[in-house]
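One structure is given here, and the rest of the page talks about it.
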Amino acid sequence: MTAPRRRPFIAGNWKMHMTVPEARALVAGILESAPRPDEAELLLIPPFTALTEVAKLLQGTGVGLGGQDLFWEERGAFTGEVSGAMLRDAGCSHVLVGHSERRRLFGEDEDTVLKKTRAALKAGLRPIVCIGETLEERRAGGTIPRLDHQFDADLGGFTAEEMASVILAYEPVWAIGTGLTATPAQAGEAHAHIRRRFEEKYGNALAACAIILYGGSVKPANSYELYREKNIDGFLVGGASLEADSFIGIAREALRADREVK
Ligand code: PGA
């Protein structure tokens, strides 16, 4: 299948890092050397407390803003939670759903991910739904069944129109924050499979346009080779998004690969 040309999509998940002053400095560094919006799509995903300030700094730059999580209800007595409408109000266009840290540390199961994805779509946010296998699953040959299971359970029942807004992030759990990266071949195989799943369920046209990101210890030194894989459309970056040089370095390496092979 030949996918239509799309820009590299590079998202920086800051996790629980960055006070407001730190966020300001990081954004300034990123904006100083960011590729043009027509070359690459950049998305910053700060903690909730820095969203409003980062939104102000990003105005008119073409760099997007996302939330790290949301709750599935629209409002109410849910201490500590944030709704999709609140994220929209803070300037977000995207939101992470089902990150493996949420699944592992906060007990989020597939039903939670499904409800949050639905809530994101309802609020007009593009959900970035994270899926991926553990090391035990990979060693037991269970990577593809795991991905299929998550794809079906996390995204069950959505229409093709809704799915057109969903971004998938393949993040092998064993590669997140560990310094271990999937090889381009391993990541490429998982991405090709996810795109085939899209195709089987929602047809060719949608699958060809779907954005499928890779995440797990992405850094400037490995992003060129990873991005050369035809089904990798960009990256969800954790640790390396906390410094402007490495975050922009990843975008530039993806762009270099994009110009060469896509
Ligand atoms: P990492 O995190 O780049 O630090 O491995 C990726 C992620 O959690 O999305």
Side-chain angles (χ1 to χ4, degrees), residues 8-18 22-23 26 30 40-48 50-51 54 63-70 87 92 94-108 112-113 116-117 120 125-135 137-138 143 146-147 150 154 166-184 186-187 190-191 194 211-227 229 232-254:
F9 186 111
I10 316 293
N13 172 14
W14 296 359
K15 307 192 180 182
M16 201 174 75
H17 295 281
M18 299 290 153
E22 287 166 348
L26 177 56
I30 289 171
E41 185 164 359
L42 299 187
L43 183 77
L44 305 185
I45 311 180
F48 294 142
L51 282 174
V54 174
V63 176
L65 185 70
Q68 294 182 13
D69 188 24
L70 83 168
L87 292 179
C92 293
H94 294 66
V95 62
L96 292 181
V97 181
H99 189 280
S100 71
E101 285 151 17
R102 301 288 328 162
R103 296 182 194 249
R104 184 167 49 87
L105 301 170
F106 303 99
E108 294 196 2
T112 309
V113 177
K116 289 187 171 189
T117 305
L125 292 160
R126 286 193 81 171
I128 302 174
V129 180
C130 306
I131 61 176
E133 82 287 359
T134 62
L135 194 53
E137 286 163 343
R138 174 164 283 272
T143 299
R146 182 74 196 144
L147 295 180
Q150 286 184 319
D154 295 349
V166 173
I167 295 173
L168 256 289
Y170 169 60
E171 297 208 301
V173 177
W174 49 274
I176 297 178
T178 57
L180 298 171
T181 321
T183 63
Q186 285 172 325
H191 280 239
I194 295 167
I211 298 176
I212 309 173
L213 307 178
Y214 170 78
S217 299
V218 176
K219 39 188 181 281
N222 58 25
S223 45
Y224 171 80
E225 288 300 334
L226 284 164
Y227 195 86
E229 287 294 324
I232 296 185
D233 304 313
F235 301 117
L236 179 55
V237 187
S241 72
L242 299 175
E243 284 185 13
D245 282 356
S246 44
F247 185 61
I248 295 302
I250 289 166
R252 297 224 168 266
E253 287 297 281

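In listed order, ligands and their atoms are each counted from 1.
Close contacts of ligand 1 with Gly177, meaning ligand atoms under 4.0 Å from a residue heavy atom, involve 1 (P), 4 (O), 5 (O). Ligand 1 places these atoms under 4.0 Å from at least one heavy atom of Gly216: 5 (O).
With hydrogens and angles ignored, the 3.5 Å screen pairs a side-chain donor or acceptor of Ser217 with a backbone N or O of Ala175. A donor-acceptor contact shorter than 3.5 Å links the side chain of Arg103 to the backbone of Cys130. With hydrogens and angles ignored, the 3.5 Å screen pairs a side-chain donor or acceptor of Gln150 with a backbone N or O of Gly132. Side chain of Gln68 to backbone of Ile45: a donor-acceptor contact under 3.5 angstrom is found. Put simply, the side chain of Tyr170 never gets that close to the backbone of Ile194: no donor and acceptor are under 3.5 Å apart.
When only interatomic distances are considered, the shortest N/O to N/O separation between His99 and ligand 1 falls below 3.5 Å. Where the criterion is an N or O separation shorter than 3.5 Å, residue side chain and backbone included, Val237 fails it with respect to ligand 1.
When only non-hydrogen protein atoms are considered, atom 4 (O) of ligand 1 lies nearest to Gly239 N, 2.8 Å. Of the protein's non-hydrogen atoms, the one nearest atom 9 (O) of ligand 1 is Glu171 OE2, 2.6 Å.
At least one heavy atom of Ser217 lies less than 4.0 angstrom from ligand 1. Using a 4.0 angstrom heavy-atom cutoff, Ala175 counts as in contact with ligand 1.
Other residues, nucleotides and ligands contribute at most 12 non-hydrogen atoms within 6.0 Å of the CD atom of Glu243.
A perpendicular orientation is assigned to the rings of Phe235 and Tyr227, their planes being inclined by more than 60° (bins at 30° and 60°).
Across Gly12, Gly238, Pro172, heavy-atom proximity to atom 3 (O) of ligand 1 is greatest for Gly238.
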